[in-house]
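Written out below as structure tokens is the structure these notes cover.
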Amino acid sequence: MKFAVLKFPGSNCDRDMFNAAIKSGVEAEYVDYRETSLAGFDGVLIPGGFSFGDYLRSGAVASVAPIINEVKRLADEGKPVLGVCNGFQILTEIGLLPGALLHNDSHLFVSRNERLMITNAATPFTHLYEEGEEVVYPVAHGEGHYYCTEAMYHDLVQNNQIILKYTDNPNGSYEDIAGIVSKEGNVCGMMPHPERALEKILGTDSGVKLFESMVKSWREQHA
């Protein structure tokens, strides 16, 4: 398996994503936002940061980058696509995930470890966790308030798309939502950073199982 790790001007978690992929036992390669092909890749990792300086709004300029058409193609083909923090913002901007990310209710940048709950352990990203399992992922964002309409929320619940919730909401996200998947289950976005939660010596290794889940799911499908 080989992941593409996208790089935009302002990305600052691309190395973390790359290392997470390698640690989970697969190949990874950085791909510049100006590229127009993701041929040969089995999945896409969209890292956090401040793509294009968050001009207009977070993820807005990145949403029209040349590589985005290929991200949509891989998603349509059922390949795994993971967007974290700014990556989550980009996935909502390009319509692969519903909702939007707004400024934190506090209007302050929040950077700390957060306790979260796995609310759906039956996805390609979470199946190595237990339903209701508590995890600790770092957060680092100023626009992390997940917003959706009541109708959108109803669909998310009906389709079991909510996979991660805050236990102490740091940003005002609707119904404490921290991470969701697409209806098809192969596209995942979250504000917390599992790629920064891989080593106990750094405070938490709760993110290891997320990347291992992705890899195991892909290998089982292609066995």
Side-chain angles (χ1 to χ4, degrees), residues 1-101 124-125 137-144 146 179-182 184-198 207 210-215 217-218:
M1 185 180 193
K2 186 177 182 181
F3 279 113
V5 180
L6 303 192
K7 295 189 72 169
F8 298 94
S11 296
N12 64 14
C13 297
D14 41 300
R15 183 172 292 183
D16 299 291
M17 281 289 209
F18 183 94
N19 290 339
I22 299 301
K23 186 178 178 67
S24 64
V26 298
E27 296 180 66
E29 184 177 315
Y30 295 117
V31 176
D32 187 86
Y33 72 100
R34 290 164 290 194
E35 295 293 334
T36 56
S37 175
L38 287 174
F41 289 100
D42 304 299
V44 184
L45 304 176
I46 310 177
F50 305 90
S51 59
F52 297 95
D54 281 348
Y55 287 113
L56 301 181
R57 61 183 177 274
S58 297
V61 179
S63 72
V64 295
I67 197 61
I68 292 300
N69 285 335
E70 282 290 275
V71 175
K72 292 179 178 178
R73 178 180 67 80
L74 264 63
D76 288 343
E77 291 177 357
K79 294 182 178 179
V81 177
L82 172 66
V84 171
C85 200
N86 191 229
F88 187 15
Q89 294 161 343
I90 292 170
L91 288 175
T92 61
E93 286 287 334
I94 65 178
L96 288 183
L97 291 174
L101 282 306
F125 303 90
Y137 296 162
V139 299
H141 57 251
E143 296 178 49
Y146 179 74
I180 61 174
V181 292
S182 60
E184 298 75 19
N186 65 301
V187 179
C188 176
M190 61 181 64
M191 285 310 294
H193 289 268
E195 80 283 7
R196 296 184 183 177
L198 303 180
L210 184 135
F211 291 95
E212 290 180 344
S213 291
M214 293 174 64
V215 172
S217 292
W218 184 88

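Basis for what follows: all heavy atoms, side chains included, without hydrogens, waters or symmetry-related copies.
Atom-to-atom distance recorded for Phe125:CZ and Leu210:CG is 7.5 Å, nearest 0.5 angstrom. The OH atom of Tyr137 sits 12.5 Å away from the NE2 atom of His193 when rounded to the nearest 0.5 Å. Remark: Met190 CE to Ile180 CD1 distance equals 10.0 Å, nearest 0.5 Å. How far CG of Leu96 is from SG of Cys188: 12.0 Å, rounded to the nearest 0.5 Å.
Residues Tyr146 and Pro98 meet the side-chain proximity criterion, which asks for heavy atoms closer than 4.5 Å.
Pro194 and Val84 get closest at one heavy-atom pair: CD-CG2, 4.0 Å. Heavy-atom minimum distance, Val215 versus Ser24: CG2-OG, 3.5 Å. Summarising the geometry of Asn86 relative to Ser51, their closest heavy-atom pair is OD1-OG, 2.8 Å, with the distance given to 0.1 Å. Contact detail for Ala39 and Arg73: the closest heavy-atom pair is N-NH2, 4.1 Å. Taking all atoms of both residues into account, the shortest heavy-atom contact from Leu97 to Gly189 is CD1-N, 3.4 Å. Nearest heavy atom pair, residue Ala62 against residue Ile90, reads CB-CD1, 3.7 Å.
Side chain of Asn186 to main chain of Ala75: a donor-acceptor pair is present (N/O by atom type, distance under 3.5 Å, no hydrogens or angles). Side chain of Ser217 to main chain of Ser213: a donor-acceptor pair is present (N/O by atom type, distance under 3.5 Å, no hydrogens or angles). The main-chain N or O of Leu38 is found under 3.5 Å from a side-chain atom of Glu70 such that the two form a donor-acceptor pair. Distance alone, capped at 3.5 Å, places no donor-acceptor pair between the Glu195 side chain and the Pro47 backbone.
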Show your reasoning for whether side chain to side chain contact (heavy atoms under 4.5 Å, CB included) applies to Phe211 and Leu82.
CA-CA 10 Å; Phe211 291 95; Leu82 172 66; 3.8 Å; yes

Intermediate values then yes/no, side chain to side chain contact (heavy atoms under 4.5 Å, CB included), Val26 and Asp42
CA-CA 10 Å; Val26 298; Asp42 304 299; over 6 Å; no

One pair to check against side chain to side chain contact (heavy atoms under 4.5 Å, CB included): Met191 and Gln89. What are the steps and the verdict?
CA-CA 8 Å; Met191 285 310 294; Gln89 294 161 343; 4.0 Å; yes

Please evaluate residues Phe41 and Lys79 with respect to the criterion side chain to side chain contact (heavy atoms under 4.5 Å, CB included), reporting the C-alpha separation (whole Å), side-chain torsions for both, the decisive distance (0.1 Å), and the verdict.
CA-CA 9 Å; Phe41 289 100; Lys79 294 182 178 179; over 6 Å; no

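Residues Arg57 and Glu93 are paired through a salt bridge, judged by an N-O separation under 4.0 Å between the basic side chain and the carboxylate.
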For residues 3-18, which side-chain donor-acceptor pairs fall under 3.5 Å, sequence neighbours excluded?
residue, atom, partner, partner atom, Å
Ser11, OG, Phe8, N, 2.9
Ser11, OG, Phe8, O, 3.1

